[in-house]
**Student:** 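Before I ask anything, let me first share the structure, which is written out below as structure tokens.
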Protein chains: 2
Amino acid sequence: MRAHDLETTRKKILRAALAEFSANGPQGARTAAIARRAGVNKRMLFYCFGSKAGLYREVLRHKLAQRASIMESTPEDLGSALVHWFDNAARDPVWIRLLHWEALATGGGTVAAEERRKLFDQALAIFRRWIERGSLEKEVDPAQWMISMLGLTIFPLAFPHIVRLATGLASDDAAFKAERHEFLRWIAGRIGGGAITANAVAGESEAGTAHASAARVDGANP
Amino acid sequence: MRAHDLETTRKKILRAALAEFSANGPQGARTAAIARRAGVNKRMLFYCFGSKAGLYREVLRHKLAQRASIMESTPEDLGSALVHWFDNAARDPVWIRLLHWEALATGGGTVAAEERRKLFDQALAIFRRWIERGSLEKEVDPAQWMISMLGLTIFPLAFPHIVRLATGLASDDAAFKAERHEFLRWIAGRIGGGAITANAVAGESEAGTAHASAARVDGANP
DNA sequence: ACAATTATTAACCGCGCGGTTAACGTGGGT
DNA sequence: ACCCACGTTAACCGCGCGGTTAATAATTGT
């Protein structure tokens, strides 16, 4: 690694910025803190990314691309998909926090709009497929389905203090995750149109309850 | 109103502080901005509440008490209750924002712990009652039910940018609210144990679809 | 060898923050 | 009439922020 290597410097800054922006938000994040985390002179942030806002934008674009690739690997079975989303969100608290900061942002229009559209179009396509295949009730809008399923999976991870008050457990506690898995598989059965998913529903959960593991039917959209 | 009236000054400060804390969070809120909003000298904040943190604490206590009283007026029917929670949350974006800030807060232990416990115990009691009465599947934990129903109602209001990307509508748009009402009543029927709520499910939604209005069965817990 | 370009650095700037100081009205008790 | 505790005020303080300046070290082209 040479002394003058802008690309690695950029990467170090992006990593540190992701952590700092996630921790303190686009406004609360301190450029000096990012530089310290990255082991880089503060001036380099502006040299590479122009401004704090420009750096934030780049950080978001990276993260959105990463989430899109996770969305691509969603299993075809509804229950498994819910568990998949839940686990991946639980594994990435940084992403959850960025969602919060975005929800709280008022002015200054959407950043990285195109990456965002791509991610959501992927998700909506999945729900449309489920509806066509009869895994989900067709009288409900795909967007409503998507919002609802995201609510069931992400909400407890986004508001851990609510989980703590309701269950007494931390939302990253293995016991809570197991409970949630069980619930998600159960409700996937209740919600589905009754055709494909309903059979795979009595799946095995980590809670130890008797279940059969749900089959994955990746790829091959009609 | 006398010139020297500490009580009204306190109230003015609390109102302004609620707005400012909701807008910018406990850290991002500026004491000067609160004072300006309240039409009061900045020094009075510290004279009345000691510190910014003390003021934040008092603001939260007030809001939690208000939310508890809303929780008390929850209808007995599950579908109506979901709509009730949704509407009341939609009517109070300030509260939603405070939830976000709390979820993002890392250090500095819980503020107003007792008011919070009271609010959640109320909610949990409602779910236990629903389970006992057969309105909700009894094999699922009350806490899991509560988290899930909060997810379905609050999530779209907490993450309006996700709603916008999924539906193209703003989450405070009347059209979206109507769609959501319809979905909430529909899913209440799918989820319930099948006894009481299932009958009340084909409820009327504001979307104009033909439905019969769901009956409210307030009070009288066993 | 050396100039030109690129990457990196320390030091600096103006500003706005949370919180404080000290002084100044105001009004009820006597 | 006067006091004195309470409510209110303008002005101030040290600090840390985003962003910049100008000088310097490494790399590249010739």
Side-chain angles (χ1 to χ4, degrees), chain A residues 1-60 98 101-102 104-109 111, chain B residues 1-60 98 101-102 104-109 111:
Chain A
M1 198 190 302
R2 313 198 312 280
H4 279 66
D5 184 353
L6 202 57
E7 206 46 49
T8 51
T9 305
R10 280 178 62 98
K11 278 179 191 156
K12 284 196 288 184
I13 293 175
L14 281 173
R15 279 170 60 100
L18 175 61
E20 174 72 8
F21 278 124
S22 160
N24 302 110
Q27 213 216 319
R30 304 302 167 194
T31 55
I34 296 174
R36 204 183 321 115
R37 282 193 207 239
V40 149
N41 189 282
K42 189 179 64 165
R43 180 67 175 85
M44 294 309 288
L45 311 197
F46 300 91
Y47 185 74
C48 293
F49 300 97
S51 67
K52 191 168 116 167
L55 176 54
Y56 179 64
R57 187 164 154 279
E58 215 60 27
V59 164
L60 260 197
L98 289 178
W101 294 118
E102 292 211 286
L104 286 167
T106 53
V111 295
Chain B
M1 197 189 302
R2 313 198 311 280
H4 285 210
D5 184 351
L6 202 58
E7 206 46 48
T8 51
T9 305
R10 280 177 62 98
K11 278 178 191 158
K12 285 197 287 184
I13 293 175
L14 281 174
R15 279 170 61 101
L18 175 61
E20 174 73 7
F21 278 124
S22 161
N24 303 112
Q27 214 216 320
R30 303 303 167 194
T31 56
I34 296 174
R36 203 183 323 115
R37 282 192 207 238
V40 150
N41 190 282
K42 190 178 64 165
R43 180 68 175 84
M44 295 308 290
L45 311 197
F46 300 91
Y47 184 73
C48 292
F49 300 98
S51 68
K52 189 168 117 167
L55 176 54
Y56 179 65
R57 188 165 152 277
E58 214 61 27
V59 164
L60 259 198
L98 289 177
W101 294 118
E102 292 211 285
L104 286 166
T106 51
V111 295

**Student:** Rounded to whole angstroms, how far apart are NZ on K12(A) and P on dA7(C)?
**Tutor:**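 These atoms are roughly 14 Å apart.
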**Student:** Give the rounded distance in Å between these two atoms: CG of N24(A) and P of dC17(D).
**Tutor:**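 Those two atoms, CG and P, are 11 Å apart.
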**Student:** Using a heavy-atom cut-off of under 4.0 Å over every strand shown, decide if A29(B) touches base, sugar-phosphate, or nothing.
**Tutor:**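 The answer is sugar-phosphate, as A29(B) gets under 4.0 Å only of primed atoms, P, OP1 or OP2.
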**Student:** K42(B) has an atom NZ; how far is it from atom C1' of dA11(D), in whole Å?
**Tutor:**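 Computing the K42(B):NZ to dA11(D):C1' distance gives 10 Å.
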**Student:** Got L6(A) and Y47(A) here, is their nearest side-chain heavy-atom distance under 4.5 Å?
**Tutor:**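 L6(A) reaches Y47(A) side chain to side chain.
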**Student:** Heavy-atom nearest nucleotide on DNA chain D for R43(A) versus A32(A): which residue maps closer to 5'?
**Tutor:**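 So the residue in question is A32(A).
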**Student:** Quick one: is dG7(D) close enough that its OP1 or OP2 comes under 4.0 Å of any side-chain N or O from Y47(B)?
**Tutor:**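 Answer yes for this pair, as a side-chain N or O of Y47(B) is under 4.0 Å from OP1 or OP2.
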**Student:** Send over the distance from K52(A) NZ to dT20(D) P, rounded to a whole Å.
**Tutor:**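 That distance rounds to 14 Å.
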**Student:** Starting at CZ of F46(B) and ending at P of dC17(C), how long is that distance when rounded to a whole Å?
**Tutor:**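 For the pair F46(B) CZ and dC17(C) P, the rounded distance is 12 Å.
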**Student:** Is T31(A) close to L55(A) at the side-chain level, that is, under 4.5 Å between some pair of heavy atoms?
**Tutor:**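 Of all side-chain heavy-atom pairs linking T31(A) with L55(A), none is under 4.5 Å.
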**Student:** Given dT8(D), is OP1 or OP2 found less than 4.0 Å from the side-chain N or O atoms of T9(B)?
**Tutor:**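 Result: yes.
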**Student:** Tell me: CD of E20(A) to C1' of dC17(D), nearest whole Å?
**Tutor:**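 My rounded result for the distance is 12 Å.
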**Student:** Between dA10(C), dG18(D), dT8(D), spot the one nearest the side chain of N41(A), thanks.
**Tutor:**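 Nearest nucleotide to the side chain: dA10(C).
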**Student:** Looking at F21(A) and W101(A), what are the two nearest heavy atoms and their distance?
**Tutor:**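 Closest approach of F21(A) to W101(A), heavy atoms only: O-NE1, 3.5 Å.
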**Student:** Just wondering, more than 12 heavy atoms not from R15(A) lying within 6.0 Å of its CZ?
**Tutor:**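 Incorrect, the count does not exceed 12.
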**Student:** May I have the distance from R10(A) (atom CZ) to dT8(C) (atom C1'), rounded to whole angstrom?
**Tutor:**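 After rounding, the reported distance stands at 16 Å.
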**Student:** Of the options dG18(C), dA7(C), dT8(D), whose atoms approach the side-chain atoms of L6(B) most closely?
**Tutor:**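 Nearest to the side chain of L6(B) among the choices is dT8(D).
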**Student:** Do the non-hydrogen side-chain atoms of L14(A) and E58(A) ever get within less than 4.5 Å of each other?
**Tutor:**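 Heavy-atom side-chain distance check passes, below 4.5 Å.
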**Student:** Could you tell me how far apart M44(A) (CE) and dA25(D) (P) are, to the nearest whole angstrom?
**Tutor:**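 Atom CE in M44(A) sits about 16 Å away from atom P in dA25(D).
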